[in-house]
Amino acid sequence: MKFLIIGSGGREHAIAWKLSESPQVTEIFISPGNGGTENAEKCTNIPGMNHAELLSFSKEKGIDLTVVGPELPLVEGLTDLFRRNGQNVIGPSKAGSILEGSKVFSKNFMLDNGVKTGYYINFDDYEEAVDFLDECAWPVVIKADGLAAGKGVIICKDVKEAEKALEDIMVKKVFGSAGDWVVIEEYIEGKEVSIIAFIDGRTILPMLSAKDHKQIGDGDTGPNTGGMGVIAPNPWYTSEIEADFTENILKPTLKGIKKADWDFRGIIFFGLMITEVSGIFLLEYNVRMGDPETQALLPLMENDLAEIFQKINSRELKGYSLKFKNKSSCTVVAASGGYPGDYKKGFEISGVENLTQPLFVSGAVKREESLVTNSGRVLSVTAIADTLPEASDLAYREMSKINFKDIYFRTDIGKIEE
Ligand code: GLY
C-alpha cells in the first residue's frame, strides 16, 4: 500500500514511523515532511502543495490512502475534494471539521447533544461581551471562535485581563475573522486529559488516555506552548472517570455526529479536564490527532495503523479492538531556547544516532548529513518502560544524548507528584 501523509510536524513523523512498521505498507510520501521524515524507513518527502496539486499527486502516484495530519486542510475541505474525486482519505469532511473550526459551533453542539461541558455564552458583539464580564466569576476562559494557530484560548484571571482579551480578539482582530465571535466560558480546574479516538462515523474507538504538558516551565509554569511533553496512560484517568467519559461525553458525541450525518471518517480528539468533585468535562474537540500526544501513544499501540486506517475508510471499525502494550510512555520535547517567544534557528543537532528509543522530529531540516533546528519545538524522544517513573528516567537519559545550541526541555515530564 502507498500512503500520503500531509503535514510537517512530530505528529506526522510519528504516523509515518508507525505506518512504516506495517508489512502492507510499501511507500509513504509526506508533504512536506521534515528533516526526520526525509530519510525515515519507506518515507519520501515531497514539496508542500495546494489541494488541487495534492489530489493530482495522489492520482498520479496511485496513493491508496491519504492521511491529513493538521486541522487547517480539514477545515478547508481537503477530504471532500479527495472523496469527490475517488481518492481515499482519512479525516472528517469540511462539515464535520467545524467541531474544531468553530468554538461557538462546537460548544452549541455539546449543549444540544448533552455532552458534559462547562457553562458558556457566545458573543459577536464586543460591547455585549464586555457588559457580560460584570456577571462573571473569575477566572474565565475566552476563546476566539475560529482557528488561531493554538493561541485563541485565553485564561483571564480578572476583568482587566478579560477586557484586554476581548479587545485583542474582537476589536484589534489579532486572529483576523477567527475573532468575529467569542465564547466566554467558565474556567474548570483539574487534571487535563487527552483522548484520541478513531472514528468511522458509526463506531468510535478511543486510544489510551494521555496527558499533555502545555506550559513551557517545570511545574506547569509560564506561557503555553504547542506541548512540551506527554505521559500515557494518564495516571488520573481512573476506570470511574473513564465510565463518566464514556457515558457523558463519548456516547453523546457519537450520537450527535450521526444525527448531523457528517462523513466523519478520521480522528476525533477530546480535550478534557478531571475535576475533584464533579468528574470529567469536555473542554474542546479537535478533528485530528494531538501533537505531541501522537508521539507518546503510537509507540504503545500494538495494532497495525495501516489496517486501522483501512477500516476507518471502509467504515468497518465495528468489532475491531485496539491493543496497547501494558507499559507507560513518556515523551519529552526539546525546544529552541526562547520558545514560545523569540528564538534562533539553524543550529546543528548532535547525538540522535546514539538513541535507543524513538525520535520524532517536529521542526528540523536536513542539511547535508546533519539535522538542523528550524522551529520552536524541534524534536521529541519517546521512552517506553514498565512504569511511568522508569519511562521518564529513560526519556531523560535519551534526551541527555542530544544537543544543539540553546536546547531547552522541561525536566519534570513523568515526575510530577500531584
Ligand atoms: N496537544 C493538543 C493538541 O494537539 O491540540
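Every number for a ligand or one of its atoms is a count from 1 in the order of the listing. Residues take their numbers from the sequence shown, with the count starting at 1.
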Taking the side chain as every heavy atom from C-beta outward, state whether L99 and W262 have any pair of such atoms under 4.5 Å apart.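 Contact flag for L99/W262 side chains = yes.
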
Angle class for the F309/F3 ring planes (parallel below 30°, perpendicular above 60°, tilted otherwise)?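 Correct class here is tilted.
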
With a 4.0 Å cut-off on heavy atoms, does R288 reach ligand 1?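 For ligand 1, residue contact (heavy atoms, under 4.0 Å) with R288 is present.
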
Which ligand 1 atoms are under 4.0 Å away from a heavy-atom of D212?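 Once the distances to D212 are compared, the set is 1 (N), 2 (C).
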
Which of the ligand 1 atoms, numbered from 1, are nearer than 4.0 Å to a heavy atom of G290: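 Answer for ligand 1: 4 (O).
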
Using the salt bridge (Lys or Arg N to Asp or Glu O under 4.0 Å) rule, collect all pairs that involve residues 295-305, keeping only residues at least two apart or in two chains.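 Listed by first then second residue: nothing to list.
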
Report yes if some N/O of E284 lies less than 3.5 Å from some N/O of ligand 1; otherwise report no.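 No.
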
Report, one line per pair, each donor and acceptor closer than 3.5 Å where one atom sits in a side chain of residues 168-182; sequence neighbours left out.
residue	atom	partner	partner atom	Å
D168	OD2	K164	NZ	2.7
K173	NZ	D180	OD1	2.5

